[in-house]
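Below, chain A is the first sequence line, B the second, and so on; all start at residue 1. In this text the structure is predicted, and so the values were computed from the model without any measurement. Worth knowing before you read on, the calculation uses all heavy atoms, side chains too, and leaves out hydrogens, waters and symmetry mates.
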Amino acid sequence: MENTKSPELMEKIVSLCKRRGFIFQSSEIYGGINGFWDYGPYGTALKRAVEKCWWNEMVEKRDNVDGLDSTVICHPKIWKASGHLDKFGDLMTDCRDCKARHRVDQMEDQSKCPACGSNNLTAPREFNLMMKTYVGPVSDEEHTAYLRAETCQPIFVDFNLVRVAARRKLPFGIAQIGKAFRNEINPRNFIFRSREFSQMEMEFFCYEEDSMNWYEYWKNERIRYYRDVLGFKEDELKIHGHEALAHYAKAALDIEFKFPFGWGELEGVHHRGTWDMSRHQEFSGENLEYFDQEKNRRIMPTVVETSVGVDRTVLALLCHAYDEDTAATKKEGMEEDVRIVLRFPAKLAPVQVAVLPLSNKLSEPANKISAALKKYFRAEFDVTGSIGKRYRRQDEIGTPYCVTYDFQTAEDQAVTVRDRDTMAQDRVAIDKLKQYFQDKLDM
RNA sequence: GCGAGCGUAGCUCAGCGGUAGAGCGUCACGUUGCCAACGUGAAUGUCGUGGGUUCAAUUCCCAUCGCUCGCUCCA
């Protein structure tokens, strides 16, 4: 298993993703567009399962976190207040001689190239990473707006609306899943860094005096999620504490995953202090303070954030799940053949149960079982090709269970359930199937 | 953004100055009846895009777009 985690692994995964309909390059027939990716049928199912799982874990199972679904385009002042418009883009200068590009604020001598010493530099230019658009039919400065660069800012902005509507007292959280956009200079590594991506963020509002405890709490909760819910292994995860903190943060850490191209951040847990709330109060002129009835005081809520990249999680799941082993084959002159299998957690697999009639003569009754299972699980029916080929197809997309309807089924009202990982088979009565899978899939 | 490499069927790739092939995959039929079985047949490419050189370009040249790696960046 370990030897499959090679540098070629990314190529194998990219190719599998296209071939089997997980992820395509966006706008492919036009030559593609750098930094944008489409999810195909199985990819969509996987991504939705990831989001559903997080939402269940972070919102539905708790009684102190509420949901929000805000707009992608917000009032431009939000991004002024958040600092994105000023600080998101750094001033950069290019050396005309050695072609190096440098951040002006990191140069000791701003008139000299740190790489080659030349003073033949371009004037400092701002590289703003926010995507710009215009609201209304007139395209001018006054109508400029931005696609959100992170989903958390609208959460801060809507804090009071949510708090009042949901009748919340501190501490409580607001969670949101949605798209965010950044004009990355250099999109790289498949869907790891793209220009349009999805985030799952939760902002937890609390008292300053409790905030470090909440920070620890959420850190542990989130690490537990990667280990126990997504099933990532100890050696695939790394917790990376920040030494240099961003302008808004008091404490921060990254939860990183070992991708084939190196360690990469899946999630950030940040103690944001009162920075965002204070800034929005200042820029909007609205009082965003919270009145603490018990202690009869007004305070600005302190925020602890958990911020996940959905696409990165999907990629990590693909990398974690990808495996090649050997299985018996009937191919001429061969005893064994390579079997590609995605070992997704059953809960997240794009297809959870595949229903396969042993012969196409058995299609009709088998399809009825498939239809019945589809009410409760992500189920799929396939009759094309030999049974072995169909098992392999399901292995390749990570289907944990295959139900085989055979010539005995009509007599004993039972089917065979084949396990993806062990390839072992179990005889299960048709009327027990629903319960059987509910137990297996933890649903 | 800079440098290097790459771009031919759904995937992996071969090929060549005279307008294209293999393996796998897909689909159909037959056969088989629990792990990519076998046989027969079929579909699929403006050889990434645009321009140039040439009697002729998928092939040579330029540009562009995309992908990979290194540097850079990553609030």
Rounded interatomic separation in angstrom, taking CD1 from A:Ile191 and P from B:U68 = 12 Å

Once the angle between the rings of A:Tyr217 and A:Trp214 is folded into 0 to 90°, is it parallel (under 30°), tilted (30 to 60°) or perpendicular (over 60°)?
-> perpendicular

Looking only at side-chain atoms of A:Lys331, point me to the closest of B:C27, B:G1, B:A37.
-> B:A37

Does any nucleotide pair with B:G3 by Watson-Crick or G-U wobble geometry, both distances under 3.5 Å, and what is it?
-> B:C69

A:Gln25 has its side chain closest, among B:C67, B:G1, B:C27, to B:C67

Between B:C27, B:A36, B:C35, which nucleotide has the shortest distance from any of its atoms to the side chain of A:Gln425?
-> B:C35

Could you give me the CA-CA distance, side-chain angles and deciding distance for A:Glu396 and A:Tyr42, then say whether side-chain hydrogen bond (donor to acceptor under 3.5 Å, both in side chains) is met?
-> CA-CA 11 Å; A:Glu396 207 180 39; A:Tyr42 293 133; over 6 Å; no

Sugar-phosphate only, base, or nothing, as touched by A:Phe190 at under 4.0 Å among non-hydrogen atoms = sugar-phosphate

Could you check which of B:A36, B:G1, B:U12 has an atom nearest any side-chain atom of A:Ile185?
-> B:G1

Any donor-acceptor N/O pair under 3.5 Å between B:C34 base and A:Tyr391 side chain | yes

A:Ile255 and A:Phe232, any side-chain heavy atoms less than 4.5 Å apart | no

Classify the nucleic acid contact of A:Glu265 as base, sugar-phosphate or nothing, counting any heavy atom under 4.0 Å across all strands shown.
-> nothing

Who is the Watson-Crick or G-U wobble partner of B:G33, with both distances under 3.5 Å?
-> none

Between A:Asn186 and A:Arg19, which has a closest nucleotide on RNA chain B that is more 5'?
-> A:Asn186

Classify the side chain of A:Arg339 and the base of B:C35 as holding, or not holding, a donor-acceptor pair under 3.5 Å.
-> no

Any-strand Watson-Crick or G-U partner of B:C60, both distances under 3.5 Å = B:G52

Indicate, with a heavy-atom threshold strictly under 4.0 Å, whether A:Gly35 touches base, sugar-phosphate, or nothing.
-> sugar-phosphate

So which nucleotide does B:A20 pair with, by the Watson-Crick or G-U wobble rule with both distances under 3.5 Å?
-> none

N/O donor-acceptor pair, side chain A:Lys361 with base B:G33, under 3.5 angstrom = yes

Can you find a side-chain donor-acceptor pair between A:Ser307 and A:His270 that sits under 3.5 Å?
-> no

Take A:Glu184 and A:Asp337, find for each the nucleotide of RNA chain B with the closest heavy atom, and name the residue whose nucleotide sits nearer the 5' end.
-> A:Asp337

From the options B:G33, B:G25, B:G1, select the nucleotide whose nearest atom is closest to the side chain of A:Ser359.
-> B:G33

Indicate yes or no: does A:Arg312 engage A:Glu267 in a salt bridge with an N to O separation below 4.0 Å.
-> no

Can a side chain N or O of A:Asn189 be found less than 4.0 Å away from OP1 or OP2 on B:C69?
-> yes

In the structure shown, which nucleotide is the Watson-Crick or G-U wobble counterpart of B:U40, with both distances under 3.5 Å?
-> B:A28

Whole angstrom value for the distance that separates C1' of B:U68 from CH2 of A:Trp37 | 11 Å

Compare side-chain N and O positions of A:Lys12 against OP1 and OP2 of B:C11 and report whether any pair is under 4.0 Å apart.
-> no

From the candidates B:A37, B:C35, B:C27, the one with an atom nearest any side-chain atom of A:Ser386 is B:A37

If you look at every strand shown and take non-hydrogen atoms under 4.0 Å, does A:Val14 touch a base, only sugar-phosphate, or nothing?
-> nothing

Which part of the nucleic acid, if any, lies within reach of A:Thr416 when heavy atoms closer than 4.0 Å are counted: base, sugar-phosphate only, or nothing?
-> base

For A:Asn34, answer base if it contacts any base atom (sugar-phosphate contacts may also be present), sugar-phosphate if it contacts only those atoms, and nothing otherwise; contact means non-hydrogen atoms under 4.0 Å.
-> sugar-phosphate

Side chain of A:Arg188 only, please: which of B:G33, B:C11, B:G1 is the nearest?
-> B:G1

Is A:Glu282 paired with A:Lys80 through a side-chain N to carboxylate O contact shorter than 4.0 Å?
-> no

Does the side chain of A:Thr151 pick up a donor-acceptor pair with the side chain of A:Glu201 at under 3.5 Å?
-> yes

Rounding to a whole Å, what distance do you find between A:Glu11:CD and B:U68:C1'?
-> 8 Å

Give A:Asp406 one of three labels, base, sugar-phosphate or nothing, depending on what nucleic acid heavy atoms sit under 4.0 Å from its own.
-> base

Looking at every strand, decide which applies to A:Thr404 at a 4.0 Å heavy-atom threshold: base, sugar-phosphate, or nothing.
-> base

Watson-Crick or G-U counterpart of B:A9, or none if no pair lies under 3.5 Å | none

Value in whole Å for how far the C1' atom of B:G10 lies from CD1 of A:Ile23 = 16 Å

When you measure from the side chain of A:Arg148 to the backbone N and O of A:Thr71, does any donor-acceptor pair fall under 3.5 Å?
-> yes

In whole angstrom, give the distance that lies between atom NZ of A:Lys18 and atom P of B:G7.
-> 15 Å

Taking a pair as Watson-Crick or G-U wobble with both distances under 3.5 Å, which nucleotide is matched to B:C47?
-> none

Is A:Lys330 near enough to B:C35 that one of its side-chain N or O atoms lies under 4.0 angstrom from OP1 or OP2?
-> yes

Which whole-number value in Å describes the distance from A:Phe24 CZ to B:C11 P?
-> 10 Å

